[in-house]
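Note sheet for the following structure.
Only heavy atoms go into these numbers, but all of them, side chains included; no hydrogens, no water, no symmetry mates. These numbers were taken from a predicted model, which means no experiment stands behind them.
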Amino acid sequence: KSTVPYVINSVKVYPNYSLESDQEGKDKDTVTISGTEFIQKPEFFKPNLLEPFILLKKGDLYSSKKSRLTSNRLSSIGAYKFVNIKFEDISQDSINDSIRKLDASIYLSPLTKRSLQTELQAYSKSNNFAGPALSLIYNERNLFSGGVIFRATGTISYEWQVASGNEDTGLTSTQAGLQGDLIFPR
């Protein structure tokens, strides 16, 4: 079988796959773009934005490199915890087949949509200032159903001068800040 070329017969993508809802295609909407079927309900990721990340195309010869690159590209979006590509040989069991056929199914398991993190830091500086800092980080993944990540960070820190060779000991500093980021997939 390894000397026989394989052609991709179909490509199906499940952008919102989970083991709990393992009903492939049942009660789900199917959108076809360039021969690739996107099966999901409700719409988790816009198919026209997800399609450029998929290098496996109907009618192409199977390539392990394209499969690996597709998996890497889908993982780089930042919206998915797991990317699984399953190939199924659908050829008739005949010894004389010169070309065999594969169905490709891409299962994408999303990360949690929202997360909140806290960070506690302790630091010291070369000017003898030291102190703690507290950060709260809020992430909203897959914003606008297009893989965009929104991140908001709030930080507050307090530092004091630990030791000094002159009368400037006892100086303190307080710093607070907010930062917002929108991260778009490449």
Side-chain angles (χ1 to χ4, degrees), residues 8-58 60 63-88 102-123 132-158 174-186:
I8 297 175
N9 183 60
S10 70
V11 179
K12 294 180 181 177
V13 181
Y14 300 90
N16 195 12
Y17 181 78
S18 71
L19 291 176
E20 291 83 34
S21 64
D22 189 12
Q23 302 173 17
E24 296 180 14
K26 296 181 178 104
D27 288 338
K28 299 195 179 202
D29 293 332
T30 301
V31 175
T32 303
I33 298 175
S34 302
T36 302
E37 296 177 32
F38 295 87
I39 303 165
Q40 60 185 329
K41 186 175 183 180
E43 184 178 81
F44 178 76
F45 206 108
K46 294 179 181 173
N48 61 328
L49 297 176
L50 192 57
E51 194 268 335
F53 291 92
I54 299 169
L55 300 176
L56 302 172
K57 303 294 180 199
K58 181 177 181 177
D60 286 356
S63 165
S64 61
K65 182 179 181 181
K66 280 187 179 180
S67 176
R68 186 176 30 82
L69 288 173
T70 296
S71 180
N72 291 345
R73 291 174 72 161
L74 290 169
S75 295
S76 73
I77 294 173
Y80 293 109
K81 184 179 355 180
F82 300 113
V83 175
N84 296 316
I85 302 176
K86 177 182 166 189
F87 293 97
E88 184 178 344
L102 291 175
D103 279 346
S105 297
I106 302 173
Y107 299 98
L108 305 172
S109 301
L111 287 164
T112 54
K113 188 156 176 73
R114 294 171 190 88
S115 68
L116 185 62
Q117 296 173 271
T118 58
E119 291 181 2
L120 180 61
Q121 302 170 348
Y123 57 90
L134 177 67
S135 296
L136 285 172
I137 304 164
Y138 172 77
N139 285 309
E140 175 90 25
R141 291 182 187 88
N142 198 27
L143 198 61
F144 313 123
S145 298
V148 178
I149 298 171
F150 170 71
R151 179 175 295 140
T153 306
T155 305
I156 188 161
S157 64
Y158 177 78
T174 304
Q175 181 179 3
L178 287 175
Q179 179 179 344
D181 298 309
L182 274 179
I183 303 165
F184 293 90
R186 293 182 281 164

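Residues P110 and N16 approach most closely at CG-OD1, 3.3 Å, considering heavy atoms. The two residues I137 and E119 make their nearest non-hydrogen contact at CD1-OE2, 3.5 Å. For S145 against L49, the heavy-atom pair with the smallest separation is O-CD1, 4.3 Å. Across G147 and P185, no two heavy atoms sit closer than the pair O-CD, 3.6 Å. Looking at every heavy atom in both residues, L56 comes nearest to F87 through CD1-CZ, 3.9 Å. Closest heavy-atom contact between P15 and I39: CD-O, 3.3 Å.
Here the side chains of L182 and F184 are in contact, with some heavy-atom distance below 4.5 Å. Two residues are said to be in side-chain contact when any heavy atoms from C-beta on lie closer than 4.5 Å; L108 and F53 fail this criterion. Under the 4.5 Å side-chain criterion, counting only non-hydrogen atoms from C-beta, F45 is in contact with I77. Taking the side chain as every heavy atom from C-beta outward, K12 and T30 never approach each other to under 4.5 Å. Looking at heavy atoms from C-beta onward, R151 lies in side-chain contact with I183 at the 4.5 angstrom threshold. Looking at L136 and Y138, their side chains never come closer than 4.5 Å, going by heavy atoms from C-beta outward. The shortest distance between side-chain heavy atoms of E51 and F38 falls below 4.5 Å.
Distance alone, capped at 3.5 Å, places no donor-acceptor pair between the K57 side chain and the G35 backbone. A distance-only check finds a donor-acceptor pair linking the side chain of R141 to the backbone of T112 [under 3.5 Å]. In this structure, the side chain of S67 does not engage the main chain of S64 through any donor-acceptor pair within 3.5 Å.
The NZ atom of K58 sits 14.0 Å away from atom CG of L102, with the distance rounded to the nearest 0.5 Å. Taking CD of E88 as the start and CG of N9 as the end, the distance is 10.5 Å to the nearest 0.5 Å. In this structure, OH in Y17 is found 14.0 Å from CD1 in I106, a value given to the nearest 0.5 Å. With values rounded to the nearest 0.5 angstrom, Q117 atom CD is found 8.5 Å from T153 atom OG1. Rounding to the nearest 0.5 angstrom, the gap separating the OG1 atom in T36 from the CD1 atom in I54 is 6.0 Å. Rounded to the nearest 0.5 Å, atoms CD (E43) and CG (D29) are 9.0 Å apart.
Just one of V13, L55, V83, N84 meets the side chain to side chain contact (heavy atoms under 4.5 Å, CB included) condition when paired with L74; it is V83.
Counted within 6.0 Å of CD on Q121, heavy atoms from surrounding residues, nucleotides or ligands total more than 12; the atom is thus considered enclosed. Atom OH of Y123 sits in a crowded spot, with more than 12 heavy atoms from other residues, nucleotides or ligands closer than 6.0 Å.
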